[in-house]
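Heads up: the structure comes next, in C-alpha cells.
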Amino acid sequence: MEAHRLLAKVLKCLLWAIWIASSHGSCRIRDEGYVNGGPGKNGIPSIDEPAFISADIADLSDSTRVIGININGTAKAYPIYILRWHEIVNDMFGEYNIIITYSVLAGSSAAYYSTDSYGTFGTSGYLYENDLVMYDRKTDARWVQLIGRKTKSCDWLERIPVVNTKWKTWKEEHPHTSLLSARTGHDRDYSSNPYPEYSSNNEIYFITSYRTNARPYNLHSPKSIVFILSFPGYGNGGENVELQSYLFPLSTIRTARTYNFRPQIVNRTAVGTFISDSDITAPLLMEKLGLNVSDWVTTATYYSIVVGYDEIREISAAFLVLSNQTFTNGHRTGNFEIHPMNGMSFACAMDPPLQWNITKNFVEEVRRIVDSDSHCGSGFSRIEIHRLPLYESYWFSATAIYPTSIVLSESKGSFFFETYNPEIIYQQPWRPWMIVVIATFACLTLILLSCLGHFLTDMICNQRTMKVFPLNRYSMDEVRLLVEAGLITSEQIKG
C-alpha cells in the first residue's frame, strides 16, 4: 500500500513538472542573457512620490526629450534627463497605479498599469539583454521592462501607450500637461548625464545575443532607434497562439511615413507556422489586444493596424482602425497619411478625410452618410480607432529580446515585411576598458613572473652555496667559527 502511495506521489510530481514546463517554460527568459548589472537592488532608486509642475512655469528647452502619457484627459510628461537617474517612476492617474519606465542601456521607454497584487516597482539590479529588470514590492517577482513580463512565468503587465518626443511637441498637443519636477527627494545632479556618449557610440556593456555578423542584427546600427509593436499574452480558452511582434526601424518608417497592415498570429503548437491573416477576425484581434469588443464589431468588420511617424514633430504612433466598409484597394495600401498640422488622416469612407491627433489616447466612433458615388462605397459608414502601445528602443536590444520579430524593410521605394529566425548565440561584447584591464593584468603578471624568477634564482644559488662552501670568501678564523657553531660541516669545505 505504501508503495502505491509513493508511486502516486511520484506521478503527481511528474505531471506537475510537465505542466510547469509546458505552461511556463515557453515564457521564461533565456538564462544566458540574464546578468547582474552591478548597482544592486534599489541601487538605482525609483521615484515613488513624484512631484509635478505646470507647463506654464516649466523652464525646459523645446528640444528636451520627454516621455508623455495621456489617460482620460490627464496628460503628464517625464523628462528623460530625470528618468535616466531613476529608470522607474511610480505614479497615480486618478485611481490607476502607473509605472513609467526608461532603461538607459536599452534606450527603451514603456509604461504599465500596476495592481494591488504587485504594488509599486523598483530596480532589481539585474539586466536582461542589457534591458532593465524590475521587481514588484508585493511579491518580489522580477519583470523585464521592455516585455512587461515576469522573468520566470507568463504573467504580463497591461501596457499603456506612451510618446517619446520633444517637449515642444508634447506641450503644443497638451497645453495643460504637468511636468515631473526635479524635486524628486534624491540628491542627483540632473544637469549631468551618468552615461555620457553611450547613445552616440556602438558600445554594448553586458553580455548579449546581438551579433554584427548575422541578420536581422546587422540590418541597422546597434544604437539606431526602432519602434516595437508587441502583443503580449496567449489566447484564452486554451488557445496556444499569440500575435506576432513587429519592428519598425526609424530610418524605414521615417521614409514610409505610414504603414498599415493586418497582423499575423503565431501558432505555438507548430513552431514557425502562422494562422492566415484572413482567419484573424476583428473580434479575435481585439480580444488578443485586450480591447473591449464593441457591439457593432463582427467577424465581417474590416480593420487595419497603422503605424506612423511624423518627422517634423518627432513623434510616432500606432492605431487599430476598424470600419464597417472596406478600405480602398485593400488593407495594405496607402489609406493613411501624416499631416504635420492635423495629425493622421484616414483617406477612406470620409470626405473630407477623418483626421485625428496621433498623440491622443482615445476610442472614437464616427458615423457619416456618404453618397453612392463615394469610392468607399455607399450607405452608413462607421469607424472606430484604438491607440496601441508602440515602444521605442535601441536596435540591438530590440532584436536581442525579439529575435523572431517581423521587420519593416525598404527596397527601391517599396516597403515590405521580412521574417527572421536567427540562431541565438551569446557573447560578451568587447569594450575599451576591458582591453585596458587585460593589458594591465598582463603587465602585472609579467612583473610577478620576473620577480618570481629572480627569487628562485637566488634561492638556487644559496642552496648551491650551502652545498659547496667557497673558502676564498671567508678567512680561516671565520670558517673555524662557522664549523664550531654547527652552521657548516667539514664536508662542505672545498678548495
Side-chain angles (χ1 to χ4, degrees), residues 30 33 65 80 102-110 127-132 144-147 162-166 195 197-230 244-261 263-264 305-312 314-318 338 389-431:
R30 300 184 295 269
R65 303 297 298 188
I80 297 294
Y102 178 74
S103 174
V104 178
L105 298 186
S108 54
S109 50
L127 299 168
Y128 177 62
E129 294 284 4
N130 288 261
D131 184 33
L132 164 68
V144 179
Q145 177 253 4
L146 191 53
I147 309 176
V162 301
V163 175
N164 190 329
T165 186
K166 53 188 178 183
Y195 304 88
E197 300 181 358
Y198 177 77
S199 62
S200 60
N201 59 42
N202 290 332
E203 289 186 23
I204 301 174
Y205 283 5
F206 294 91
I207 191 170
T208 178
S209 59
Y210 173 84
R211 292 177 287 139
T212 57
N213 60 349
R215 289 179 176 264
Y217 310 113
N218 59 4
L219 292 174
H220 300 275
S221 59
K223 300 289 180 64
S224 61
I225 298 299
V226 62
F227 303 109
I228 305 169
L229 188 62
S230 176
Q244 178 66 34
S245 298
Y246 294 82
L247 301 183
F248 297 87
L250 173 59
S251 59
T252 306
I253 194 63
R254 180 168 50 199
T255 304
R257 304 188 72 183
T258 62
Y259 192 81
N260 51 295
F261 64 99
Q264 291 180 322
I305 290 179
V306 55
V307 176
Y309 181 76
D310 185 338
E311 185 173 7
I312 296 177
E314 298 182 17
I315 194 170
S316 61
I338 288 286
L390 185 70
Y391 291 160
E392 182 177 314
S393 173
Y394 290 139
W395 175 255
F396 87 87
S397 54
T399 51
I401 293 176
Y402 297 98
T404 58
S405 293
I406 295 177
V407 181
L408 180 65
S409 301
E410 184 266 340
S411 177
K412 298 179 180 179
S414 298
F415 299 91
F416 51 90
F417 281 135
E418 290 185 304
T419 304
Y420 299 93
N421 188 22
E423 181 182 3
I424 305 300
I425 300 175
Y426 278 91
Q427 56 188 11
Q428 175 64 54
W430 285 97
R431 298 178 56 208

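Since the structure is predicted, the reported quantities are computational estimates derived from the model, not experimental observations.
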(message) Quick check: do Phe416 and Ser411 have side-chain heavy atoms less than 4.5 Å from each other?
(response) yes
(message) Out of the candidates Leu229, Ile406, Thr399, Ile253, only one should pair with Leu247 under the side-chain contact (heavy atoms from CB on, under 4.5 Å) rule; please name it.
(response) Thr399
(request) Please determine which of Ile225, Val163, Val226, Leu250 meets the side-chain contact (heavy atoms from CB on, under 4.5 Å) test together with Glu392. (result) Ile225
(request) For this output row, return yes or no: ring centroids of Tyr259 and Phe417 closer than 6.0 angstrom. (result) yes
(request) Please report the closest heavy-atom contact between His220 and Ser224, naming both atoms and the distance. (result) CB-OG, 3.5 Å
(request) Can you measure from CG (Asn164) to CG (Leu390) and round to the nearest 0.5 angstrom? (result) 10.5 Å
(message) Whether the side chain of Thr208 engages the backbone of Ser397 through a donor-acceptor N/O pair (distance < 3.5 Å, no angle test) should be reported.
(response) no
(request) Without swapping roles, check the side chain of Asp310 against the backbone of Ile315 for a donor-acceptor pair under 3.5 Å. (result) no
(request) Without swapping roles, check the side chain of Lys223 against the backbone of Ser199 for a donor-acceptor pair under 3.5 Å. (result) no
(request) Evaluate the side-chain proximity of Phe396 to Asn202: yes if any heavy-atom separation is below 4.5 Å, no if none is. (result) no
(request) Identify the heavy atoms of Tyr217 and Trp395 that sit nearest to each other, and give their distance. (result) O-NE1, 2.9 Å
(request) Answer whether the closest heavy-atom distance between the side chains of Ser316 and Val307 falls below 4.5 Å. (result) no
(request) Run the numbers on Tyr246 and Ile228 for side chain to side chain contact (heavy atoms under 4.5 Å, CB included), then give the verdict. (result) CA-CA 6 Å; Tyr246 294 82; Ile228 305 169; over 6 Å; no
(request) May I ask you to test the Asp131-Ser108 pair for a side-chain heavy-atom distance under 4.5 Å? (result) yes
(message) If you compare all heavy atoms of Leu146 against all heavy atoms of Ser393, which two are closest, and at what distance to 0.1 Å?
(response) CD2-OG, 3.8 Å
(request) Determine the interplanar angle of the Tyr195 and Tyr205 rings, folded into 0 to 90°, and report it as parallel if under 30°, tilted if 30 to 60°, perpendicular if over 60°. (result) tilted
(request) Please check if any side-chain donor atom of Ser409 sits under 3.5 Å from a side-chain acceptor atom of Glu418, or the reverse. (result) yes
(request) Any chance you could lay out the side chain to side chain contact (heavy atoms under 4.5 Å, CB included) test for Tyr309 and Phe248, step after step, and finish with the verdict? (result) CA-CA 10 Å; Tyr309 181 76; Phe248 297 87; over 6 Å; no
(request) Nearest 0.5 Å please: distance from the CZ atom of Arg30 over to the CD atom of Glu129. (result) 5.0 Å
(message) Under a plain distance cut-off of 3.5 Å, with no hydrogens placed, do Thr255 and Glu410 share a side-chain donor-acceptor pair?
(response) no
(request) Looking only at non-hydrogen atoms, find the nearest pair between Lys166 and Arg65 and report the distance. (result) N-NH1, 3.8 Å
(request) Report yes or no: do Thr165 and Glu314 form a side-chain donor-acceptor pair below 3.5 Å? (result) no
(message) So which atom in Val104 and which in Tyr394 form the shortest heavy-atom distance, rounded to 0.1 Å?
(response) O-CE1, 3.7 Å
(message) Quick check: closest heavy atoms across Leu408 and Phe415, and the distance to 0.1 Å?
(response) CD1-CB, 4.3 Å
(request) Measure the shortest side-chain to side-chain distance between Leu105 and Tyr198 over non-hydrogen atoms and say whether it is less than 4.5 angstrom. (result) yes
(message) As an exercise, state the distance from CG of Asn130 to OH of Tyr210, rounded to the nearest 0.5 Å.
(response) 12.0 Å
(message) For a quick check under 3.5 Å, do Ser230 and Ser245 share a side-chain donor-acceptor pair by atom type?
(response) yes
